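Comments concern the structure below.
Source: prediction; values computed, not measured. Numbers here are sequence positions counted from 1.
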Amino acid sequence: MLLWMVLSCDRPGPEPQDTELQAICTEGSAWSPGTQAFRDASADWGLDEIEPVGVRLSAVDFDGDGWPDLSVRGGASAGSSERAASWLLRNTGQGRFEDVTLSSGILASREDGQLREGVVWVWADVDNDGDLDAYSGLSDASGSLAPHTSELLLNDGAGHFSLASESLELRVGAGDMPYGAAFADVDLDGDVDLWITQYADSDYRQDQLYAGDGQGGFREVTKDRGLKTRRWSSLSDVNGALSHSLAWSALACDLNNDGAPELLAASYGRAPNHLWLNDGAGGFENRSIASGYAFDDRVDWSDNESARCWCSLHPEDDDCEGVPAPEAIACSGDDDAFRWSHSSDREAYRLGGNSGATMCRDVDNDGWADLLTSEIVHWDVGSSSDPSELLFNTQDPQVAFERPGNEVTGLIREHEVAAWNDGDITGSLLDFDNDGWADVYIGDSDYPGSRGRLFHQSAPRSFEPVPSDQGVDHYRSHGSVAADFDQDGDLDFVVGHSTARCDDECYSPAVPRLLENVLGQDGNWVQVRLVGGEGSNRAAIGARAELSTEQTTQTQQVGGGHGQWGSQDDLVLHFGLGPSCDGALSVTWPDGSRSVETHSVLAGHAYELVQGEGLRLLR
């Protein structure tokens, strides 16, 4: 038992009192083959009735009532008076969502009678007033959506939004192509900044960093902070990850435990991924290649079917000697070399991957954040194509990763057809069974036969597949987000459904599915909502929480958005405890002094920790 004082603050909750709190403890839970993990509860939650169609998902408590809500986006549009494909769904706390998209003002436009629907949504308390505001990025390569632009929307504290200043520099307009965004306090000054990554013409548009002033204002500081990249005019620059990214996602995560977040951009189109090392004060150094994040070391292109075809037709060309004939395609003329340029495709950047997103979490519980990348892979490219895989942190202060490979970690899959395609664009890292170890979900998006795949971490760095009928039974699983939507002590899961290249595997209506966790509620868990105080951003984005038990120490960071189009899990941190009934919680706050607080916590309870004010029991 633990004797403690429950402290009051400005959120609803119990009155201050002396409380003798007891753990709600069981033998613990862990998935094993044959155990059901999830059930489809979409109809119960009203998703079939509301019909929110989209694959861009976030789960944040936008109205501050303590229940995680859901946002769903299908695409960017502007200028219409009728809603197209964006949804903000409020969790009623009674096992249902209600559609509050229009009443919330989240689609506000500067043109009377018109709506604007940004493709990228990420959330943070940009003005430190105690509620979550939203960046809504609008992709407009040609300027056809003018005068509509990307916008910042400010929350009034009750979940109603209005447009921020018209003079914000992030309102770029024509040429703006945000495909990812992440809030982070890069210089630890107590105000969140905004990292926006661009999927645009590689000659002209680079990723941007905007510094926040804590009042809802942002100014671009990209070059000032060392983040400048170059046009695609030099082969050495492109191979060295010094040119602009072709970003499909963004991420901000502290990778060397100095308290300051690194910035990452995962690139599609066989362009190098970018990783920027934070100097601890918001200045950055390019560590894309040196860290091992830009691309992997799989550089043998000789099993690429198109390359084999080319070399069969042009055996005198450089490096073609000894390259075997193609095994699965007929090669009768130059046109058969359908995906190969012998002059460029042997270069380092072309032997990289087609990255959809990168997720960040300490997967192996060694205290250092690891990465999961999702990658699009086609059968004919061969072994040089980077697969979706885990990158484990080597604990180098300069940031470096090792890739043991899916054959080692167990993140492998069987392909049912010869000409297969892995359309991995999104994914998640979550402890679905409350055993204290992060599990892996990879969303395979929209190729024939594609389905989401859940892997359970059965031993450190070792994963086993969870059969679809026991875990996630979902085709074309583009988009995923985790939260304890029903507040029963385990993580539920929402997965999107892509209708691109649609065939008889497409669902109708193509709404996201809410998968209720039916396993973890029988285990041990602790949840913590962090609130920044003096010197920290109010939403505590970037805070680092360690929870130590007799079995292990888990580490998590409060995230400000990640992945393609701004996925975001609930800001409440969820820890499975395995067989443990209690633990020691240590929080490093994202302030200039990196202040630390340590508290004891008991299984079966949710807490709020306000910086400098102590723990408060939520339930």
Between [Y] and [X], do the side chains contain a donor N or O and an acceptor N or O under 3.5 Å apart?
X	Y	result
R544	N257	yes
S302	D300	yes
D433	H456	yes

Backbone of [Y] reached by a side-chain donor or acceptor of [X] within 3.5 Å:
X	Y	result
R453	R451	yes
D254	N256	yes
N517	D490	no
N278	P261	yes

Exercise for review: Specify whether H474 and H497 have parallel, tilted or perpendicular ring planes, treating 30° as the upper limit for parallel and 60° as the lower limit for perpendicular.
Suggested key: perpendicular
Practice item. Could you note down all residue pairs passing disulfide bond (SG atoms under 2.5 Å apart) where residues 376-428 supplies at least one of them, sequence neighbours left out? Key: none
Review point. What do the steps show when you test R403 against E375 for salt bridge (Lys or Arg N to Asp or Glu O under 4.0 Å), and what is the final call?
Key: CA-CA 14 Å; R403 300 173 182 248; E375 307 277 352; 5.5 Å; no
Review point. Do W301 and H342 have ring centroids that are under 6.0 Å from one another?
Key: yes
Exercise for review: Apply side-chain hydrogen bond (donor to acceptor under 3.5 Å, both in side chains) to Y293 and T358, showing your working.
Suggested key: CA-CA 10 Å; Y293 175 64; T358 301; 2.7 Å; yes
Revision key, fill the gap. Contacts of D569 meeting salt bridge (Lys or Arg N to Asp or Glu O under 4.0 Å) (sequence neighbours excluded), chain-then-number -> none
